[in-house]
Amino acid sequence: RLDRLAAHPALGGPDLAYFQAQLSRRRGDLATARRLVGDALDRLPAHRDYLALAKEIDAPLPDRAREVARSRIERLMGDS
């Protein structure tokens, strides 16, 4: 069922890549999951869920997503 949903025309863009990354992670295909979440972050580099999944599966971050993550960490560290 999830495979059919992942191919549904209503899903597209970075949300589709993120959904497929989650499926790949659940199946143990981390290389594909890392690539797909990176694709999603290329389009929406500040998306919290995408960044969280990337961190969870140790995916390399695209440059802009890395900047966003660094900025958030600095902001949190400055608030303490």
Side-chain angles (χ1 to χ4, degrees):
R1 283 188 183 167
L2 291 177
D3 289 322
R4 285 194 327 222
L5 181 60
H8 195 279
L11 284 178
D15 287 334
L16 176 59
Y18 173 70
F19 182 72
Q20 291 172 335
Q22 289 180 314
L23 288 178
S24 295
R25 178 190 52 134
R26 287 181 63 171
R27 292 181 176 131
D29 185 357
L30 292 180
T32 299
R34 289 177 181 124
R35 179 182 53 78
L36 289 166
V37 78
D39 293 347
L41 283 166
D42 274 334
R43 296 188 202 167
L44 290 175
H47 196 289
R48 291 182 188 275
D49 293 335
Y50 299 0
L51 287 167
L53 178 60
K55 180 179 180 185
E56 182 180 320
I57 62 175
D58 198 29
L61 298 177
D63 291 340
R64 182 67 187 121
R66 190 177 319 109
E67 291 171 18
V68 168
R70 185 178 306 126
S71 173
R72 287 182 182 167
I73 290 169
E74 288 172 357
R75 190 170 45 236
L76 287 172
M77 298 301 283
D79 290 345
S80 27

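Residues meeting the side-chain contact (heavy atoms from CB on, under 4.5 Å) test with L16, sequence neighbours left out: L11, Q20. Applying the side-chain hydrogen bond (donor to acceptor under 3.5 Å, both in side chains) test to D58 and every residue at least two apart in sequence or in another chain returns nothing. Listed by chain and residue number, D63 satisfy the side-chain hydrogen bond (donor to acceptor under 3.5 Å, both in side chains) test with R66 (two or more places apart in sequence, or in another chain). For R64, the salt bridge (charged side-chain N to carboxylate O under 4.0 Å, His left out) test picks out E67, with sequence neighbours left out. Partners of R27 under the side-chain hydrogen bond (donor to acceptor under 3.5 Å, both in side chains) rule, at least two apart in sequence or in another chain, are D3. Residues meeting the side-chain contact (heavy atoms from CB on, under 4.5 Å) test with S71, sequence neighbours left out: R75. With sequence neighbours left out, R34 forms a side-chain hydrogen bond (donor to acceptor under 3.5 Å, both in side chains) with no residue at all.
Closest approach of A21 and A33 over heavy atoms only: O-CB, 3.4 Å. Nearest heavy atoms, P14 versus A40: O-CB, 3.6 Å.
Other members of the cluster containing L44 are Y18, L30, V37, L41, Y50, L51, L53, I57, L61, V68, with ILVMFWY side chains joined at under 4.5 Å, either directly or via other members.
Each salt bridge (Lys or Arg N to Asp or Glu O under 4.0 Å) pair with one or both residues in residues 12-25, not counting sequence neighbours, appears once here: R25-E56. Applying the salt bridge (Lys or Arg N to Asp or Glu O under 4.0 Å) test to residues at least two apart or on different chains, none of the pairs has a partner in residues 42-51.
The closest side-chain heavy-atom distance from E74 to R70 is below 4.5 Å.
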